[in-house]
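Hydrogens, waters and symmetry mates play no part in the numbers below; they use all other heavy atoms, side chains included.
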2 protein chains.
Amino acid sequence: MKRRRRNSQRATMSEVAQLADVSPSTVSLYLRRPDEVSSRRAERIQTAIDRLGYLPNTMAGGLASSRSNIIGVIVPTITFSFFAETLETLERNLRAAGYQLLIGNTEFDPSREEELIRSILSWNPSGLVLTGFSHSRKSVSLLAKSDIPIVEMWDYGQEGLDMVVGFSHHTCGRLVAEHLLRNGYRHMAFLSTNFQRDIRARERYHGFRDAIADSGGSVVVRELAGRSNTAEAGKLLCSLVDEHPETQAVFCSNDMVALGAMFECQRQGWSIPGRLAVVGFGNQDFTDSTVPPMTTVEPPRQEIGDHIARLLIDRLKGDDTATRIDLGVRLIVRESG
Amino acid sequence: MKRRRRNSQRATMSEVAQLADVSPSTVSLYLRRPDEVSSRRAERIQTAIDRLGYLPNTMAGGLASSRSNIIGVIVPTITFSFFAETLETLERNLRAAGYQLLIGNTEFDPSREEELIRSILSWNPSGLVLTGFSHSRKSVSLLAKSDIPIVEMWDYGQEGLDMVVGFSHHTCGRLVAEHLLRNGYRHMAFLSTNFQRDIRARERYHGFRDAIADSGGSVVVRELAGRSNTAEAGKLLCSLVDEHPETQAVFCSNDMVALGAMFECQRQGWSIPGRLAVVGFGNQDFTDSTVPPMTTVEPPRQEIGDHIARLLIDRLKGDDTATRIDLGVRLIVRESG
DNA sequence: CCCTTTGATCGTAGCGCTACGATTATAGAA
DNA sequence: TTCTATAATCGTAGCGCTACGATCAAAGGG
């Protein structure tokens, strides 16, 4: 029977085997566990591989072994440096262990998560990493059926589907509130990216608000309309202070928003922290060189990636290790608040 | 013969077929070209799919059709917002057309590119997107053999392996130099991330330097040691001005470096642009709210993604369209220089 | 009513690899 | 030397799907 034409020029394993004068099985074995092949044949096989420029066909291998070296990761966006750094660390660790990352981003649309999960599961991945705890009912049932290790990251506190690596944003909010309260501030504001998009910012706000309420301070909140926008943050801060001139300190949902706030202060001639204390979140690289240096919170961006990789690798080796890790955050006290 | 146990609980296409009382072929056809299946069976098949929670096995499909819906992308890092935005746009467009991105990052180590190319090619991708023109000889021969559409992005001016979408960094450097020269600046500096890592920054420097040399101005260059670091940028600027007090304007290799420069000016009490003009690169969100607003260059971050997606989709449909696109840059003149 | 045409469905043969038992080579013990 | 024990190699049967020609059903023409 006539068949569709062979896929481009790529050599197959059989061709390698033929050239090396061994069976395809031996080539396969050489590729997977080289030390179980005699050095004489190993050498012949390697020569053949080089001669033919042989590249294994990952799909064929994956199908035959009904395993894949894929780990799926779903994040809201890769343009937040937070997630990008976690991804990069995760990728580095996992690649070293022979895994390949398949990245999906929801662009902050929670309904897209399910579609991404489907698409990733159809690759038969070895594991899956999700951001946060909030998943559609359908997604949860897909995941339950899939029977692979799941990690939920960048959050902590809820039960979780399987493994969890992150920190509590609520606690983070409290931490900042307590720091400011300790320094005598009473009237606070929370200046935030949109809560709908950034649900973790809302958690931080809740922690912040609760701690302040506990000690009798006041707190005002303002949300940006769209995506994180430094200029809009400045304007919003301005109108906030206009309406609530008693405000003494503002906790921003991320360092970029805080940067916008600081520039606005400079523009208005408000001294930092004299007139207004400003605290960021993220401890991004630039925060130590603002004027004055920015007080901020350092989330364990890379540590999250490191821990997830370790957890996943252990689990895939069969070990059953710790399944919930709270990495906490570090308050970086500088001069802005 | 005893076989390894079936892969988890996932239903196969045959099971769907059985439940819907049709042949597997019909299910396959329904999934690929639904309108070629009668509505009666289509309905039965869809019901069966839903009942069983069937997810197609992408690897099996890919192997059988010796095609994959994968597009590989190799970037130096995903933590640069430039590349992240291009990736996100590319992903959005390509996903809409049914493709899946496989992202590899070299972490600025050119020698890792080859390894990534191998690893991606082993997935039998439909296309491959690389950053820049610089590839090892081995990589080039791998790519030549692979016979898939290739796009080189974020650069323009050289011949290219296949398609090219980007802009000329050399021209960009000239553009900034000409702008500054026009405004009467004669003694310039280029403050840069490490040239070894960021070879496009070096190209911009060359363009900058050449244009200045043409009109008799002077230019000094300073490179950061490691990765882009705002604080280090400030210190470096300081020592630069110390050694070359005649310096009137500084072009920074990206907005973060420029931010560091601006903060240093503020700290030193140098007026911008009176004592020192500062120009960035990237037109990142925050640049319009610095004090004073930052003059910078806008690279076509998202447009690159859009064009690549279109090119790739057209090519994969068989059309043979334009293969080299120069998107140019836009100088955003604000008040800092 | 039979024959043709068109559209819908199905059966078969792989895609390139891996798992695993079977077979063969090698080395050590008796 | 002969027999085991062990290591190295091989043959076979799929993994779950798609491509494609073959078959079957439905609809129209004479």
- Would you mind listing every salt bridge (charged side-chain N to carboxylate O under 4.0 Å, His left out) that reaches into residues 118-131 of chain A, with sequence neighbours excluded? A:E114-A:R118
- Does a nitrogen or oxygen in the side chain of B:R41 sit under 4.0 Å from OP1 or OP2 of C:dT9? yes
- Nearest to side-chain heavy atoms of B:A64, which nucleotide of D:dC17, C:dA8, C:dC17: D:dC17
- Item | Of the listed nucleotides C:dA19, C:dC15, C:dA8, the one nearest the side chain of A:R67 | C:dA19
- Judged by atom type as modelled, is there a donor-acceptor pair below 3.5 Å linking the side chain of A:S28 to the main-chain atoms of A:P24? no
- Message: Tell me which residues in residues 18-30 of chain A lie within less than 4.0 Å of DNA chain C, going by non-hydrogen atoms.
- Response: A:S25, A:S28
- Residues forming a side-chain contact (heavy atoms from CB on, under 4.5 Å) with A:S122, sequence neighbours excluded: B:T58
- Residue pairs involving residues 51-74 of chain B (criterion salt bridge (charged side-chain N to carboxylate O under 4.0 Å, His left out); sequence neighbours excluded): none
- Quickly work out the B:I45 CD1 to C:dA8 P distance and round it to whole Å. 13 Å
- Message: Distance check needed: D:dC17 C1' versus B:N57 CG, whole Å only.
- Response: 8 Å
- Give a yes or no on whether the ring-centroid distance for A:F80 and A:F108 is below 6.0 angstrom. yes
- CD of B:E36 versus P of C:dT6: gap in Å, rounded? 16 Å
- Query: Just how far, in rounded Å, is P of D:dC17 from CZ of B:R10?
  - Reply: 8 Å
- What integer distance in Å separates B:M13:CE from D:dC15:P? 15 Å
- Item | Selection residues 73-88 of chain B - residue pairs positive for salt bridge (charged side-chain N to carboxylate O under 4.0 Å, His left out), sequence neighbours left out | B:E85-B:R301
- Protein-nucleotide distance (B:N124, atom CG; C:dC15, atom P), rounded to Å: 14 Å
- Task: Hey, which sits more toward the 5' end of DNA chain C by its nearest nucleotide, B:A60 or B:R40?
- Result: B:R40
- Note on the structure: From CG of A:L31 across to C1' of D:dT9 the rounded distance in Å is 16 Å
For residues 137-144 of chain B, which side-chain N or O atoms pair as donor and acceptor with protein atoms under 3.5 Å away, sequence neighbours left out?
unit_1	atom_1	unit_2	atom_2	d
B:S139	OG	B:S136	OG	2.7
B:S141	OG	B:K138	O	3.2

- Please determine if a side-chain N or O atom of B:Y54 lies less than 4.0 Å away from the OP1 or OP2 oxygen of D:dC17. yes
- Side-chain N,O (A:S38) to OP1/OP2 (D:dA7) below 4.0 Å: no
- Nearest-angstrom distance from the residue atom CZ of B:R32 to P of C:dA8: 15 Å
